[in-house]
Structure formats: structure tokens, C-alpha cells
Enquirer: 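Have a look at this one before I ask anything.
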Number of protein chains: 2
Amino acid sequence: MTEPSAPTTAAPADRPRPRPRGEETKRLILDTAMRLFRERGYAQTTMRAIAQEAGVAVGNAYYYFDSKEHLIQEFYSGSQVEHRRAAARTLTSETDFAARLRGTLHAGIDANAPYHAFAATFFKTAAEPTSPLSPFSADSAPARDASIALFREVLEGSTAKVPADLRDDLPELLWLAYMGVILYWVHDRSPGQAKTRLLIDRVVPLIDRALSLARMRVVRPVVREVIDLVRALRA
Amino acid sequence: MTEPSAPTTAAPADRPRPRPRGEETKRLILDTAMRLFRERGYAQTTMRAIAQEAGVAVGNAYYYFDSKEHLIQEFYSGSQVEHRRAAARTLTSETDFAARLRGTLHAGIDANAPYHAFAATFFKTAAEPTSPLSPFSADSAPARDASIALFREVLEGSTAKVPADLRDDLPELLWLAYMGVILYWVHDRSPGQAKTRLLIDRVVPLIDRALSLARMRVVRPVVREVIDLVRALRA
DNA sequence: CTCCCGACTTGAACACGTTCAAGTTCGGGC
DNA sequence: GCCCGAACTTGAACGTGTTCAAGTCGGGAG
């Protein structure tokens, strides 16, 4: 009932408990792993190689990361940040919806381009529904919400006239389209993933056009149903 | 230059060479594996357990199957056959496009329902672009083409009026939509995957409606562009 | 200074998928 | 009847991700 072990000395309000002594070890392991992944690919990089290259014991890597896959998780959130950064230029200079969407999609590819070679493997684990790495999983909710928020920015910073009932859900649909682009990109074997760029450049005007059509009287009921369906499935 | 080893005795035209002595062993291993997969899940089923349960050595399983994943490949093609069978009832009795599409999509879920629990794992490996199990891979081309052909049947056996330039590519687009449904199904944690059923029931009328709209003058250019894009990406 | 405790580190050990050199079986040619 | 070669079968051994009991280290309480 009484205070358990009253605080003596000066008030320790600055750093309560987590004094990360081994924080740099964690960074070292992570950086080494990412380097080896890029150099040799994910499957060809063993945990033993990572540990040896980083100069630590293999068990030590597991002290900081739950599994080999979780090493990728870090890269995942980092890529999200990079996407935001790369999209910023477009989002601060453009007001046209199509231009903003196009720039943001390209920025997403730019942010991940250095990792295309082993993004395939990453995507494999991400596709598993039970995996915490799945973009649809609860664990990924923060990154996903951040990504959706980015597409909300795309929309709201634009001059596009969007029906009121679409404004709320469109960002999520744009994010879904982005996931589709990523899916295509992962499978894209063309040099420099040129076909993915082509896909973006040609699909953006289509979305833009579809948005205009969405205001037509004949099309409205369809749009209405799409919105309802999305909401029903999310529930 | 002369005939190498002229055929003696009666003409052996019936069975040239592949006399499958161990064909039943292969079936035994496969059946055992599928049973254990259903009972314990994919990851929890070891190759040693499969071999032991089937009463063979572990190496023997590798004589018939290249890897643990390839055990799933068999189920994959089997599921394709089952889908066809399950869709047949609808396709022989219905002529309305929406009804045919709906029945065929539901049939696809029916065919895979018993395996939903471990389909997740299966899907994981299938999502890897380099995997021979990927629905987009060359190895899967036969199964994919067969599936697309099924959706061509859906369209051509129907009374739907479809613009000529869409008729060729629509089956592939329908197959793509089917892949989307499967993707949702894999992630669907609702009891009995009810939400996937809901998705099908509500998305089919939308597709049907969109097909009607595709004939409108204002919409035609958009349709035209979609077709061109699909063709460009396939090339 | 000494002791203690939690943060950190170690590497041998485990379970698994996979490989492979060595064996066994069997049908047909002689 | 005998033998050959191909089809088939075996299980020990390898490399991998992962675990864990046993340490080491460092800073604060006494």
C-alpha cells in the first residue's frame, strides 16, 4: 500500500530504466545483416555468417532479434520512413492529384529499389497471413496506418474534387493499389524494373479518370456499392 | 546408322519404358503427407514424420518429391481439377453471366476449403516470385492456363454482351480477380470464411455492372486503356 | 572496496530439410 | 538358371535456424 522503495537521492526523472548499453551492438548486427543480405541475398546469408562478420556470437543476434525474419522487419519500417522522405518533394510542390499520386508511387519504388533482389524473399514471409510481417497483420498496423496516412496526404493536398463519401475511404484504396504495384514490382524481372514504372505511369491516369467518372450519375451507385463493400469487409 | 537393337519378340508398342513400379509408394507418401498436413499443419509436420508414418525412409520421399514444398505442388494441381469439377454444375445449368461467375468463384473456395488451415503456409511459398509454386511462374503455366480457360468458359457460355476487344482479355482479368479473392480468403479469419463468401456475392454484381458500363461511350476510352495496359505488361 | 543483480554474451546442442553413397529388388536378355 | 542394369530404397551425415544453460560485465548499494 505504501510506496515501494521511496526514491532516494535526486529525482531520476530523465532515464527511468531502459539504459541501452548494447544498443550499438544491435545496430552493428543489423547493419552487418543488411549488408550481407544485399551482397549475397537473404537465403545465402546464414546467421552464423552475420554473427561472425559482426564479431559476435550467434546467440547474441537472437538476444536482439527474435528471428532471422525479424531482421527484415527493421528494414521494413525503415523503408516506410524512406518512402515518406522520397515522396516529400512531390507532395510539397505539386497540387495536381495525378501528379501527386504518380510521384508518391514512384517514390515507393525508389525507396525499395536497392533491395529488389532480396525483397522477393522478404515478400515471401510477408505474404504469410500468420506472420507478423504481413502488411495486413496487427503488428504491421503502425507502418500500414502511416502508409495510408501518406496517401491521405496525397489526396487532401490536391485540388481533386472527390465525392464526400469517397474521401474517407479513398486513401485506403490507394494504399491497396500501392500494394498491388509492390506485388507487381516484386515479380518484375525487367531491367531496372522498367515495367513497374510503366505500370505506374499508365495506371495513375486511369485512376484519375475513374475518379472523374465517379461523379457521373450512372456510375454513382457502383461507387456507392464499392464503398459499402469495403466497409463491410473491414468490419 | 542401322536400327539400334532391332525389336525382337512381338511389337512392344504398348508400354515403351516408364514402368512405374513405385507409383503406389509415391501415392502413399503423398496421401500420408496431406493427412498429416491437415492434422498438424504444414510447419509442424516433419519429413521424418511423413516418412515414418508412411513406413518408408526419409530419403525415399525425396526420390519422388524434390522438396517438402513440392508435396504441396501436387495438391495444387489437384485443387485445380477439383475447382473445375465443382464449377461444372453451375456452368452446365446457368447462362446468366453473373450467376456463372458467382458459382465458379464459390466453387473455387469450396475446392480449397478443407485446406484453409494450412493453405496459408502454402500461399507463403507460392508468393515467392522465384518459387516454382508461384501462380505467375512458368512451372505453374499449365495450371494457370487451365484456370484462365475455366473463366473463359464462364464468359463464353453466358448470354453477356461483351465488347469484342474485351472478349479476349476478360478471362485473364477474371482469373486475376479470382486470385484476389483467394488472397483475401487466405487472410480471412472469420468463421467458415464467411467474409470471403460475402466478398464474392457482392463483388460479382459489381463486375457485372461494370461490364454494362463498359459499353457506354464515356467509359469506352478507359476500357480501351485498361486493355492496352494489360497487353503492354504481359509483353 | 565488495558484493549483487540485471543486462549482456557465449557456443555447444537441438530439430529440421536435404543430400548422397551405398545398398536392394526385379524384370528381361542370354 | 544367371546376370545386368535400372528403378527403387536406405539411413547416416551435412548445413541451417534456433534455444538455452552457463557464463561475463558494469555500476550502484552497503
Side-chain angles (χ1 to χ4, degrees), chain A residues 4-10 12 14-30 32-33 36-37 40-73 121 124-125 128 131 133, chain B residues 4-12 14-30 32-33 36-37 40-73 121 124-125 128 131-133:
Chain A
S5 73
T8 51
T9 69
D14 30 350
R15 299 282 178 69
R17 206 87 315 248
R19 189 181 4 123
R21 182 149 50 93
E23 196 62 31
E24 40 189 298
T25 305
K26 181 174 179 179
R27 266 247 80 80
L28 173 63
I29 293 171
L30 185 56
T32 305
L36 292 181
F37 286 166
R40 321 178 180 177
Y42 178 79
Q44 283 69 42
T45 303
T46 70
M47 291 300 283
R48 284 168 180 80
I50 295 171
Q52 180 173 356
E53 201 85 355
V56 300
V58 62
N60 202 2
Y62 282 91
Y63 180 77
Y64 292 105
F65 301 94
D66 287 344
S67 71
K68 189 182 177 186
E69 291 188 1
H70 277 75
L71 279 165
I72 296 182
Q73 182 88 291
T121 316
K124 165 181 175 173
T125 72
E128 165 127 30
S131 164
L133 277 68
Chain B
S5 72
T8 51
T9 68
D14 30 349
R15 300 282 176 69
R17 205 89 311 250
R19 190 180 4 121
R21 183 148 51 93
E23 196 60 30
E24 40 190 298
T25 306
K26 182 174 179 179
R27 267 246 81 79
L28 173 64
I29 292 171
L30 184 57
T32 305
L36 291 182
F37 286 165
R40 320 178 180 177
Y42 178 80
Q44 284 69 41
T45 304
T46 71
M47 290 299 282
R48 286 168 178 78
I50 294 172
Q52 180 174 354
E53 200 85 355
V56 301
V58 62
N60 202 2
Y62 282 91
Y63 181 77
Y64 291 105
F65 302 94
D66 287 345
S67 72
K68 189 181 177 186
E69 291 188 1
H70 276 75
L71 279 165
I72 295 180
Q73 181 88 290
T121 317
K124 165 181 175 173
T125 72
E128 165 128 31
S131 164
L133 279 68

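Naming: A, B, ... by sequence-line order, numbering from 1 per chain.
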Enquirer: Could you state the atom-to-atom distance from CG of Leu36(A) to P of dG17(D) in whole Å?
Expert: 12 Å
Enquirer: Just how far, in rounded Å, is C1' of dT18(D) from OH of Tyr64(A)?
Expert: 18 Å
Enquirer: Please determine if Lys26(B) forms a cation-pi arrangement with Phe65(B), meaning its NZ or CZ atom is less than 6.0 Å from the six-membered ring centre and no more than 45° off the ring axis.
Expert: yes
Enquirer: How many angstroms lie between OH in Tyr64(B) and CG in Leu28(B), if you round to the nearest 0.5 Å?
Expert: 10.0 Å
Enquirer: Looking at Tyr63(B), I'd like to know whether one of its side-chain N or O atoms comes within less than 4.0 Å of OP1 or OP2 on dT9(D).
Expert: no
Enquirer: Given dT18(C), dT9(D), dT10(C), identify the nucleotide with an atom nearest to the side chain of Val56(A).
Expert: dT10(C)
Enquirer: Once you apply a heavy-atom cut-off of 4.0 Å, does Phe65(A) come out as touching a base, just sugar-phosphate, or nothing?
Expert: nothing
Enquirer: Taking all atoms of both residues into account, what is the closest heavy-atom pair of Thr32(B) and Ile50(B), and its distance?
Expert: CG2-O, 3.8 Å
Enquirer: Let's see if you can work this out: which of dT18(D), dG11(D), dT16(D) has an atom nearest to the side-chain heavy atoms of Ala57(B)?
Expert: dG11(D)
Enquirer: Of the options dT9(C), dT18(D), dT10(C), whose atoms approach the side-chain atoms of Lys68(A) most closely?
Expert: dT18(D)
Enquirer: To the nearest Å, how far apart are Gln52(A) CD and dT9(C) C1'?
Expert: 17 Å
Enquirer: Distance check needed: dG17(C) C1' versus Leu71(B) CG, whole Å only.
Expert: 12 Å
Enquirer: Without decimals, in angstroms, what is the distance between Arg40(A) CZ and dT16(D) P?
Expert: 10 Å
Enquirer: Looking at dC8(D), I'd like to know if its phosphate oxygens (OP1 or OP2) sit under 4.0 Å from a side-chain N or O belonging to Thr25(B).
Expert: no
Enquirer: In whole angstroms, how far is the C1' atom of dG15(D) from the CD atom of Gln44(A)?
Expert: 13 Å
Enquirer: What nucleotide among dT18(D), dT10(D), dT9(C) has an atom nearest to a side-chain atom of Asn60(A)?
Expert: dT9(C)
Enquirer: Counting distance only, does the side-chain N/O of Lys68(A) pair as donor-acceptor with the main-chain N or O of Thr45(A) below 3.5 Å?
Expert: yes
Enquirer: Taking all non-hydrogen atoms of both residues into account, name the closest pair between Ala61(A) and Ile29(A) and its distance.
Expert: CA-CD1, 3.9 Å
Enquirer: Using only side-chain N and O atoms of Tyr62(A), determine if any of them is under 4.0 Å from OP1 or OP2 of dT18(D).
Expert: yes
Enquirer: Given the structure, check if the side chain of Arg48(A) and the base of dG17(D) hold any donor-acceptor pair shorter than 3.5 Å.
Expert: yes
Enquirer: Looking only at the side chain of Val58(B) (C-beta and beyond, no hydrogens), which of the listed nucleotides dC16(C), dA12(D), dT19(D) gets closest?
Expert: dA12(D)
Enquirer: Of the nucleotides dT18(C), dC8(C), dT16(D), which has the atom closest to the Met47(B) side chain?
Expert: dT18(C)
Enquirer: Rounded to whole Å, how long is the line connecting atom CD of Glu23(A) with atom P of dT9(C)?
Expert: 11 Å
Enquirer: Starting at CD of Glu69(A) and ending at P of dT16(D), how long is that distance when rounded to a whole Å?
Expert: 17 Å
